[in-house]
Every structure is written in structure tokens, then in C-alpha cells.
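Since the structure comes first, as C-alpha cells, the remarks are kept for the end.
Sequence positions, counted from 1, serve as the residue numbers for this chain. Both ligands and their constituent atoms are indexed starting at 1 by order of listing.
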Amino acid sequence: MNAVKQQSTSSTTKIPRHVAIIMDGNGRWARLRGMPREEGHRQGVENVKRIVECAKELDINYLTLYAFSVENWNRPRIEINALMRLLESFLKSQKRDLLEKQIRFRVAGRLDEMPKRVARLLHETIEETREFDRWNLTLALNYGSRTEILDAVRRYSESVREGREDPDQLDWTRFSRYLYTADLPDPDLVIRTSGEHRVSNFLLMQSAYAEYYFASEFWPDFGPDCFRRAIEAYAGRERRFGRTGEQLKNKSHS
Ligand code: FPP
């Protein structure tokens with residue numbers, strides 16, 4: 001734990017710039033305790049607050065949390081409603097906190113399909129925190145990578161039709177401007193909790209070179225100590241971006 005703390009203040013830091021998290025296991029956390037799934041989500045929100053705080057302490061500039069996928073609309077209506085109510089109260093209670101902590105808030109996903117009251121709060125929070133740039137919190141909401149790609153292709157095609165884009169000039173940098181995450185750097189580290197080893201349609205393109213970390217804890221139990229362990233594991237990884245280990249060593253000596 002100390003190693004991570006030290007790294008965050010050292011000049012040769014290996015603190016990831018962008019950490020993205022698949023917060024899994026709320027339902028199982030609750031069921032194990034004989035509680036309704038909604039209680040697991042409520043505890044999950046409490047952990048969101050702890051991890052946002054911890055990420056800021058570690059000076060992680062971008063934190064992206066997978067809070068609701070396009071597939072989650074298939075859950076029982078009662079659970080969807082509970083999640084929307086939690087999101088609403090999270091936004092109401094956290095807006096002031098985000099402003100105080102100077103954290104910029106964003107959403108990745110189809111925001112216009114969210115319930116009206118939630119969408120209004122999301123827009124407000126996005127607008128009011130717009131001036132901040134050092135720390136960034138993004139909620140992936142009504143998000144799915146495949147939907148994101150289709151939406152991006154649609155918008156890109158529209159730009160081509162209107163003469164603002166030339167398909168002969170198309171490269172990834174240009175195309176990525178049409179993704180929901182256009183303003184964000186690619187994630188360096190993607191964490192999934194609850195012992196599942198899947199990526200579940202989350203930031204598939206953006207994570208092309210990300211490191212993955214799978215934790216056995218359910219999300220409500222994945223507190224700051226677990227988070228720091230993940231960051232420490234990341235610090236020990238060698239990221240090669242398609243190069244060889246030797247190339248990287250030579251580069252660091254030159
Ligand atoms: C996965 O647990 C979690 C979700 C589908 C939603 C994540 C949501 C939260 C942490 C709360 C809402 C967040 C905010 C910021 C208000 P699961 O239900 O799939 O768990 P299971 O796999 O054990 O059933």
C-alpha cells in the first residue's frame with residue numbers, strides 16, 4: 001500500500017492516468033447476506049464514493065465506472081427502478097462534493113434514453129463541473145461498446161455526407177472523436193470485480209492496450225485497500241504496446 005502512496009508523489013510515477021472499472025457483484029453481495037439485490041446496489045454506491053475519493057488521493061486523473069449497460073435494461077423493472085433512484089440520489093448528494101473536490105463529471109452512453117429526471121440531473125452535473133480538468137469522473141450509463149461504435153459510424157457518415165470528413169483520410173485518431181469517450185484518454189487499467197473474467201461490452205476499442213486486473217471481491221467490498229492493490233499490480237506490469245521487452249529496456253537507457 002505504501003509503495004503506491006509513494007509512487008503517487010514521486011516524479012517517476014507509475015500511477016495510471018485512466019482507470020476504468022466494471023463494478024460487478026452487488027447482487028451476489030446482497031444475496032449472500034440474505035438481503036434484496038437493491039441493498040447490494042446501495043452498498044455499491046457507497047463504495048463508488050470511497051473509490052472516487054481514493055482515486056483523487058492517488059492523483060488518478062480519469063476514473064470511469066460502468067454503472068449501467070445497454071443490456072441492463074433487460075433486468076426486472078423493480079431492479080432498474082431501484083438503480084435509477086440510486087443514481088438520482090447519488091447525483092443529488094454528490095454534485096456539491098464533486099464541485100468541492102474539483103472533479104469534472106461526464107457520461108459515456110446514450111444519455112437521451114435515460115429517464116427524464118435522471119437525464120436532467122446528469123446534464124446539470126456535467127455543465128456545472130465543466131470548468132475542471134485535473135480530475136475526471138465518467139459514469140458509463142446506458143453504455144455498450146457495440147452501440148457506441150454504431151452511433152459513431154452513424155455520426156461519422158453524416159459528417160461525410162455533409163462534406164466535413166473525407167473517408168480517404170480516416171484513421172483511428174479521427175474516428176475516435178465520434179466515440180462517447182472522445183474527450184478521454186484510453187484507459188491504462190481496467191478492473192473487474194467479483195471474480196468474473198469477462199469484459200462485457202465495456203470500452204472494447206479504447207482498451208486495446210489496457211492492462212486488465214480481475215479481483216475476487218464483490219464491488220461493495222472492493223474498498224480503497226483493494227483498489228490500491230490493483231494500482232500496485234499495474235505498477236509492476238510492463239506495457240509494450242507491440243514492441244519487445246528489449247526495445248523498451250534500450251529506450252529507457254538511451
Ligand atoms: C453489477 O452487479 C453492477 C451493476 C449492474 C450496476 C453497478 C451499479 C452500482 C454500483 C450502483 C449505481 C452506481 C452509481 C454511481 C449510482 P450485479 O447486479 O450484476 O451483481 P451480480 O453479478 O452479483 O448479480
Heavy-atom side-chain proximity of Leu184 to Arg106 below 4.5 angstrom |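 Side-chain contact under 4.5 Å: yes.
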
Would you say Tyr62 and Val19 make side-chain contact, with heavy atoms under 4.5 Å?
->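 When only atoms from C-beta onward are counted, Val19 and Tyr62 do not touch, as no gap falls below 4.5 Å.
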
What residues form a ring-ring contact (aromatic ring centres under 6.0 Å, His included) with His41, not counting sequence neighbours?
->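 With sequence neighbours excluded, His41 shows a ring-ring contact (aromatic ring centres under 6.0 Å, His included) to no residue whatsoever.
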
What does the contact table look like for ligand 1 (nitrogen or oxygen on each side, cut-off under 3.5 Å)?
residue  : atom   : partner : partner atom : Å
ligand 1 : 2 (O)  : Gly25   : N            : 3.3
ligand 1 : 2 (O)  : Asn26   : N            : 3.3
ligand 1 : 18 (O) : Arg37   : NH2          : 2.8
ligand 1 : 18 (O) : Arg75   : NH1          : 2.8
ligand 1 : 19 (O) : Asp24   : OD1          : 3.4
ligand 1 : 19 (O) : Arg75   : NH2          : 2.8
ligand 1 : 20 (O) : Gly25   : N            : 3.3
ligand 1 : 20 (O) : Asn26   : N            : 3.2
ligand 1 : 20 (O) : Gly27   : N            : 3.0
ligand 1 : 22 (O) : Asp24   : OD1          : 3.1
ligand 1 : 22 (O) : Arg28   : NE           : 3.4
ligand 1 : 22 (O) : Arg28   : NH2          : 3.0
ligand 1 : 23 (O) : Gly27   : N            : 3.4
ligand 1 : 23 (O) : Arg28   : N            : 2.7
ligand 1 : 23 (O) : Arg28   : NE           : 2.7
ligand 1 : 24 (O) : Arg37   : NH1          : 3.0
ligand 1 : 24 (O) : Arg37   : NH2          : 3.1

Pairwise side-chain hydrogen bond (donor to acceptor under 3.5 Å, both in side chains) hits with a residue in residues 198-211, at least two apart =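 Every side-chain hydrogen bond (donor to acceptor under 3.5 Å, both in side chains) pair that includes a residue of residues 198-211, provided the two are not neighbours, is Glu71-Asn201, Glu148-Gln206, Thr181-Gln206, Arg192-Ser200, Glu196-Arg198, Glu211-Arg237.
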
Who passes side-chain contact (heavy atoms from CB on, under 4.5 Å) against Ile126, sequence neighbours left out?
->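 Once residues adjacent in sequence are excluded, the partners of Ile126 under the side-chain contact (heavy atoms from CB on, under 4.5 Å) criterion are Phe105, Val107, Leu111, Arg130.
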
Find the distance between CZ (Arg146) and CG (Leu204) and round it off to the nearest 0.5 Å.
->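 Here the interatomic distance stands at 7.5 Å.
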
